[in-house]
Number of protein chains: 2
Amino acid sequence: MVEKRIRNMEEFATVSGISRPTLSKYFHDPGSVRATTRERIESALEQYDYRPNIFAINQNRKLTKTIGILVPYLSDPFFAEMVRLIERLCIDAGYWPVVFSAHGETELENNALATLESLRPAGALIAPLGRSSDFEVVERFTEEVPTVVFDSNLEVGKAFVGNDNVQSIGLIVDYLCRTGEPPCFFEMPPVNPNANRRRDTYVQSMERLGHQPQVVSVRGGDWDFERIGLDEGMRLISERALPSDTILCSNDRLAIGLIAAAYQKGLRVGHGPGCALRIAGHDDHPWAQFSCPPLTTVAQDYRAVAERSVEILFKLIDGEDLGEERQMHYFQGRLVLRASA
Amino acid sequence: MVEKRIRNMEEFATVSGISRPTLSKYFHDPGSVRATTRERIESALEQYDYRPNIFAINQNRKLTKTIGILVPYLSDPFFAEMVRLIERLCIDAGYWPVVFSAHGETELENNALATLESLRPAGALIAPLGRSSDFEVVERFTEEVPTVVFDSNLEVGKAFVGNDNVQSIGLIVDYLCRTGEPPCFFEMPPVNPNANRRRDTYVQSMERLGHQPQVVSVRGGDWDFERIGLDEGMRLISERALPSDTILCSNDRLAIGLIAAAYQKGLRVGHGPGCALRIAGHDDHPWAQFSCPPLTTVAQDYRAVAERSVEILFKLIDGEDLGEERQMHYFQGRLVLRASA
DNA sequence: CACTAAACTTTACACCCGTAAATTTTCTGT
DNA sequence: ACAGAAAATTTACGGGTGTAAAGTTTAGTG
């Protein structure tokens with residue numbers, strides 16, 4: 001590595017003895033220049049530390065290599081895991097993923113979308129806040145940027161990829177009814193369409209099986225799900241307000257909080273003899289297998305959702321026609337039987 | 001909102017009746033133009049949807065408003081939480097945080113640093129991988145970009161902010177020795193300097209108190225800590241290989257896995273009568289309070305670390321002289337007594 | 001109303017790279 | 001060795017904004 005700092009492509013052209021337009025071609029696609037030229041450039045790159053200025057590049061390219069990823073709450077292990085998978089797929093495809101979190105707030109989601117749009121990304125993968133999203137803002141964004149919506153099905157963009165909540169909730173309700181007392185449904189005020197869909201499906205599934213649906217709704221409006229599960233769970237147990245000894249939670253985080261509540265109240269959770277409660281969740285969060293007892297739940301197919309989302313986005317970016325209809329891809333949940341129910 | 005799309009600042013200058021240099025000043029700092037002018041600009045902004053092109057802005061500014069945040073593993077709840085706090089502080093200060101994760105891999109860390117550097121950020125807050133970081137790459141980065149290192153004290157950059165592991169481990173070792181059988185130390189191959197420091201401090205603390213230190217090291221080299229805690233915990237319990245009934249884990253994630261192992265082996269964890277094991281952790285991870293039983297641990301001061309890191313970075317960015325010496329800020333841990341030990 | 005400082009406008013150039021067009025060099029196959 | 005193709009070079013312009021310099025308008029003061 002030589003002392004001299006290269007400040008722009010012009011200088012690098014001088015020291016490498018390659019013309020600037022050829023260098024520009026090379027940096028855009030190394031395969032587009034002759035092998036001998038490529039070797040000369042690359043040996044120069046080893047001597048002089050130079051990288052093209054990203055801002056100047058993107059200013060002129062209609063199509064940047066940026067892909068925006070927006071999630072409602074990055075500290076939620078579900079989204080953390082989805083982002084991890086998606087990022088990897090983007091990187092491996094030569095894109096540059098940029099992650100934004102709405103931190104659960106409408107205003108920050110709008111900000112993130114605005115910032116993202118001004119980055120002129122090739123495309124975006126977004127999981128909207130849902131209920132508290134500013135619909136028109138999100139819609140306008142999707143009209144400007146090729147976008148795949150995942151997880152939370154806000155009716156915008158050209159495609160949606162997510163979990164088939166009707167199938168997955170049906171699966172676990174069937175299981176719970178088949179193996180013990182029919183479940184009640186434990187939920188908090190829904191933050192997105194998934195939560196509503198899950199509750200409605202629970203009700204329908206119970207009715208289909210000839211049982212009386214019983215929904216337990218507790219307060220709490222932020223993203224601190226385990227806390228809500230714990231606090232409200234403690235209260236419900238104290239007040240003996242749970243209408244069934246089998247509790248299906250709207251999601252795993254709530255279930256983990258509820259399991260903690262049961263533990264602290266001295267109630268044994270599980271399906272064996274001597275157990276007072278059965279608790280089941282939904283999602284198969286990364287932490288679900290480490291609760292005590294491990295959580296029976298329905299696994300969302302994280303990898304399938306991530307892969308299909310990215311796949312469709314790449315098609316959109318490549319200008320492939322996906323037809324007039326808005327595409328919807330639902331992946332089936334998979335029953336994960338552990339000790340809690 | 002009017003139909004016509006504004007394509008650049010020139011056009012916006014025409015429609016708003018304000019000259020382009022004044023607009024440029026306004027977008028850089030709204031307070032730098034006269035109130036009447038500001039009002040005219042802002043009323044025009046309501047009519048015409050215009051935002052300056054980020055790429056063109058940053059191409060000319062030596063100092064961008066971008067702040068890079070790099071963590072070793074974004075799905076780790078500790079880092080997810082740190083990123084959440086840091087992002088908020090940056091946004092509130094008018095900066096534009098960009099988050100990168102090394103996904104636990106040296107190569108991706110190097111990539112992220114390279115990408116980040118080419119963004120010409122005003123500054124960066126990085127938690128290096130540590131042991132598997134490419135020291136020279138990280139060092140070179142910190143020479144180019146004002147950087148605050150947090151959590152993992154790689155000896156680079158102008159400042160480090162993190163937890164005082166000597167104090168915090170001393171605290172919990174004291175507590176455990178005072179209230180029951182002296183602890184053994186449960187660790188996996190250290191991924192960063194913190195893990196080493198914690199083990200060494202454990203050994204010293206035990207010797208200081210006149211006890212025989214006993215370190216249980218298990219294999220496992222990735223970031224799947226709970227899994228390691230569970231699998232190796234099951235093995236150790238089966239083989240009766242734990243040298244003490246009190247186990248201090250290198251971090252909370254390991255402890256949560258170990259608690260799950262104890263539960264699955266039918267061992268009661270806690271400090272009451274009838275308990276077979278005491279298990280303690282370190283960090284006060286967001287999930288520590290929801291384990292069964294809730295985890296006794298030492299809380300890192302997340303907020304203090306985030307705030308001090310950002311504060312120092314802003315000073316660095318403002319060109320304040322922090323002196324020749326590399327600054328090191330250690331925050332004290334706080335004992336969090338719950339039911340597990 | 002005159003004076004002054006602050007704020008604004010006009011003009012012009014810079015930043016770094018993409019890219020098109022015309023020209024020259026190099027490679028490929030016979 | 002030679003024609004034709006492929007690839008490189010030279011030249012030139014454009015993109016959207018920052019910013020400096022010089023000139024003009026505005027606001028504030030007495």
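Within every chain, numbering begins at 1; the chains are lettered A, B, ... in the order of the sequence lines, protein sequences first and strands thereafter. All values below were derived from every heavy atom in this structure, side-chain atoms included, with hydrogens, water molecules and symmetry-related copies excluded. These numbers come from a predicted model, not from an experiment.
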Result for 5'-nearest mapping on DNA chain C, choosing between A:Pro52 and B:Gly17, is B:Gly17
Closest to the side chain of B:Thr37, out of C:dC8, D:dT17, C:dC27, is C:dC8
Ranking A:Lys25 and A:Arg20 by the position along DNA chain D of their nearest nucleotide, the one closer to 5' is A:Lys25
Below 4.0 Å: OP1/OP2 of D:dT17 and any side-chain N or O of B:Tyr50 = yes
Select one nucleotide: of C:dC27, D:dT17, C:dC16, the one nearest the side-chain heavy atoms of A:Arg34.
-> C:dC27
Indicate yes or no: at least one non-hydrogen side-chain atom of A:Arg84 is less than 4.5 angstrom from one of B:Leu74.
-> no
Apply salt bridge (charged side-chain N to carboxylate O under 4.0 Å, His left out) to the pair A:Glu39 and A:Arg34, showing each step before the final yes or no.
-> CA-CA 9 Å; A:Glu39 282 162 21; A:Arg34 199 155 40 201; over 6 Å; no
When you check the phosphate oxygens OP1 and OP2 of D:dG16, does a side-chain N or O of B:Asn8 lie under 4.0 Å from one of them?
-> yes
Is there a side-chain contact (heavy atoms from CB on, under 4.5 Å) between B:Glu117 and B:Arg140 once you walk through the steps?
-> CA-CA 10 Å; B:Glu117 186 177 343; B:Arg140 217 191 60 77; 3.2 Å; yes
Comparing B:Thr36 and B:Ile57 on DNA chain D - which has the more 5′ nearest nucleotide | B:Ile57
Any N or O donor-acceptor pair linking the side chain of A:Gln59 to the base of C:dC17 at under 3.5 Å?
-> no
Show your working on salt bridge (charged side-chain N to carboxylate O under 4.0 Å, His left out) between A:Arg303 and A:Glu81 and close with a plain yes or no.
-> CA-CA 9 Å; A:Arg303 182 161 292 280; A:Glu81 181 66 10; over 6 Å; no
Between D:dG18, D:dT10, C:dC16, spot the one nearest the side chain of B:Arg120, thanks.
-> C:dC16
How long is the span from the OG1 atom in B:Thr115 to the CD1 atom in A:Ile54, to the nearest 0.5 Å?
-> 6.0 Å
Stepwise side chain to side chain donor-acceptor pair (under 3.5 Å) check, B:Glu42 with B:Tyr26 = CA-CA 10 Å; B:Glu42 281 164 2; B:Tyr26 168 83; 2.8 Å; yes
Is any side-chain nitrogen or oxygen of B:Thr22 closer than 4.0 Å to OP1 or OP2 of C:dC8?
-> no
Could you give the angle between the helix axes at the two ends of the helix from C:dC1-D:dG30 to C:dT30-D:dA1, with five pairs per end, rounded to 10 degrees?
-> 10°
Testing D:dG18, C:dT19, C:dT9 for proximity to the side chain of A:Pro21, the answer is C:dT19
Look at A:Ser24 and C:dG18 and indicate whether a side-chain polar atom (N or O) is within less than 4.0 Å of OP1 or OP2.
-> yes
